[in-house]
Amino acid sequence: METVFIALTNLANLQLLAWILIASIGGILIGSLPGLNATTGVALILPFTITMDPISAATIMLTIYCAATFAGAITAILINTPGTSASATTCLDGYPLVQKGEAGRALGIAAVSSGIGGVLSVICLMIAAPLLASIAYKFAPPEYLTLTIFAISMLATVGNSSVLKNLLSGMFGVLIATIGVDPLTTVDRFTFGIAALYDGIDIVPVMIGIFGISELFIQASVSAQSKDLVQIDKIKLPTWLDYKRIWKTILRSTGLGTFIGILPAEGATVASIVGYNEAKRWSKHPEEFGKGAIEGIAGSEAANNAATGGSMVPSLALGIPGSPTAAVILAGLMVHGINPGPNLFIEKGEIVYTIFWAMLLANVIFFFIGLFGAKLFARVTFIPTSILWPIVFVLCVVGSYAVNLSIVDIYISLIFGILGYFMRIFGFSVIPMTIGLILGGVLELRLGQTITMIKGDWFSILERPISVFFILATILALIMPMIRKYNQNK
């Protein structure tokens with residue numbers, strides 16, 4: 001406990017506080033731009049931290065991580081284009097609120113949920129990091145496989161379409177994830193001789209196309225409507241009644257996000273999916289989801305920001321990255337001589353807990369920036385569409401190209417933009433397809449690892465309690481929509 005308080009005194013440094021503030025603003029800018037995400041931001045800043053001291057370097061990278069994860073909700077809400085994949089489910093209810101003229105309310109809910117989720121997860125980690133790391137250490141490929149299948153089963157209810165259309169959309173995303181070289185057999189699949197597709201389709205151009213460009217087509221197909229500019233004080237923030245309605249959702253999603261973040265390689269995207277789905281499952285008004293339910297925003301944002309704290313447990317205690325961004329941060333820490341492992345909390349506990357305190361402070365900072373800047377962000381919705389959407393289109397094209405410096409990625413964005421447009425025209429939600437694409441690669445990896453481990457004895461999975469739990473949860477997730485529909489018809 002003494003180490004924890006000594007670490008707190010390390011933050012009493014004006015230079016370090018200035019770095020946290022600058023990194024928070026920079027992370028928000030990075031996360032709010034379609035095509036850029038926390039991983040990109042940390043990777044770009046990594047070379048500049050090499051000459052810094054370990055605490056400053058770790059603080060800057062982790063602050064960008066936390067702030068960028070939150071900032072993905074800004075564009076997800078305002079222009080239906082998530083800045084990061086972890087905010088994909090935020091589009092479902094954030095953008096409908098914008099269309100109702102409640103952009104400030106949606107942004108406020110996102111800021112509060114993100115801030116509380118992040119702060120509580122860091123506090124939880126500071127108290128019980130060794131225990132949580134030991135739980136994650138018990139997970140083997142079969143547990144990860146059944147967890148991924150459980151996440152995929154949730155696609156039935158994640159989206160504003162019917163259960164069947166959601167599942168079809170999600171399975172199509174899983175199919176797209178098979179493009180590229182098979183990791184087990186090294187056989188080319190659906191590459192059509194295009195070298196850029198050998199490593200598969202990058203998720204960022206797909207996200208940009210399916211959300212940003214398809215929305216541009218939707219807006220272009222609608223006749224121009226005049227918008228009356230309103231005074232900034234008329235943009236309403238969430239009320240105490242809103243906070244009363246979502247506090248249970250925030251706490252539930254924070255717990256789920258922290259736990260999922262601890263699981264190596266799962267990360268904030270899976271956490272947001274589970275958080276959103278559980279918010280809908282426990283809601284008294286599930287029919288409002290997809291139409292502007294504030295619980296949907298709270299569930300998604302609290303979970304994905306809680307996962308940022310959780311992901312650092314396996315990264316620091318086990319040396320297993322809890323997310324792609326955590327992998328980059330881990331590399332940066334090792335450059336500074338901070339080698340992860342079971343003895344890290346003992347040998348360099350002061351540095352570790354200083355990092356946790358910095359994460360907590362970063363969450364507090366972007367909480368206030370997000371909440372009090374919500375009115376300013378909301379004014380984006382009053383920019384004439386003839387000006388806003390061409391700018392969005394340019395950002396989409398630049399963002400698609402900037403990821404891999406590939407012209408093919410621009411074509412992919414355009415193709416998925418057209419695909420997303422027709423899917424939405426014919427009543428298919430694009431959210432399950434995007435999530436299916438994200439989880440498809442994870443599913444294939446975990447399946448291969450599990451096959452190698454069990455050597456064809458599939459019944460051995462039933463001897464693993466955690467795997468059995470996820471199997472039962474998957475079955476329940478698939479039959480619950482049918483039971484709910486039956487009760488409604490009855």
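The first residue in the sequence is number 1, and the count goes up from there.
Every residue meeting the side-chain contact (heavy atoms from CB on, under 4.5 Å) condition with S253, not counting sequence neighbours, appears here in chain and number order: T249, A302, A303. In terms of the side-chain contact (heavy atoms from CB on, under 4.5 Å) criterion, residue partners of I201 (sequence neighbours excluded) are, by chain and number, I176, I179, L197, V206, I412, F416. For the side-chain hydrogen bond (donor to acceptor under 3.5 Å, both in side chains) test, residues two or more places apart in sequence or in another chain that qualify with S114 are E301, N305. Remark: R424 engages E215 in a salt bridge (Lys or Arg N to Asp or Glu O under 4.0 Å) (not counting sequence neighbours). Legend: residues meeting side-chain hydrogen bond (donor to acceptor under 3.5 Å, both in side chains) with T308, ordered by chain and number and at least two apart, are absent. For S121, there are no side-chain hydrogen bond (donor to acceptor under 3.5 Å, both in side chains) partners, not counting sequence neighbours.
The side-chain heavy atoms of I213 and S413, taken from C-beta on, include a pair separated by under 4.5 Å. A 4.5 Å side-chain heavy-atom check between T178 and F190 finds at least one atom pair inside the cut-off.
In this structure, R281 pairs ionically with E278, as a charged nitrogen and a carboxylate oxygen lie closer than 4.0 Å.
Considering CD1 of I329 and CD1 of I60, their distance stands at 12.0 Å, rounded to 0.5 Å. Expressed to the nearest 0.5 Å, how far CD1 of I297 lies from OH of Y95 amounts to 13.5 Å. Going from atom CZ of R446 over to atom CD of E143 covers 11.0 Å, rounded to the nearest 0.5 Å. Considering CG of L145 and CG of L445, their distance stands at 10.0 Å, rounded to 0.5 Å. The structure places OG1 of T146 at 8.5 Å from CD1 of I466, a figure rounded to the nearest 0.5 Å.
Summarising the geometry of D93 relative to Y276, their closest heavy-atom pair is OD2-OH, 2.8 Å, with the distance given to 0.1 Å. A pairwise comparison of heavy atoms in S214 and G417 identifies CB-O, 3.3 Å as the closest pair.
Under a 3.5 Å cut-off, the side chain of H336 and the backbone N or O of T49 do form a donor-acceptor pair. In this structure a side-chain-to-backbone donor-acceptor pair under 3.5 Å is missing from S113 to I250.
Counting non-hydrogen atoms of neighbouring residues, nucleotides and ligands closer than 6.0 angstrom, the OH atom of Y198 exceeds 12 such neighbours.
Screening D409, I410, V408, L414 against P205 for a side-chain contact (heavy atoms from CB on, under 4.5 Å) leaves a single residue, D409.
Side-chain contact check for S169 and S429: no donor-acceptor pair (N or O, by modelled atom type) lies under 3.5 Å.
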Show the numbers, then the answer: is there a salt bridge (charged side-chain N to carboxylate O under 4.0 Å, His left out) between R189 and E444? CA-CA 13 Å; R189 301 171 302 183; E444 188 171 32; 2.5 Å; yes
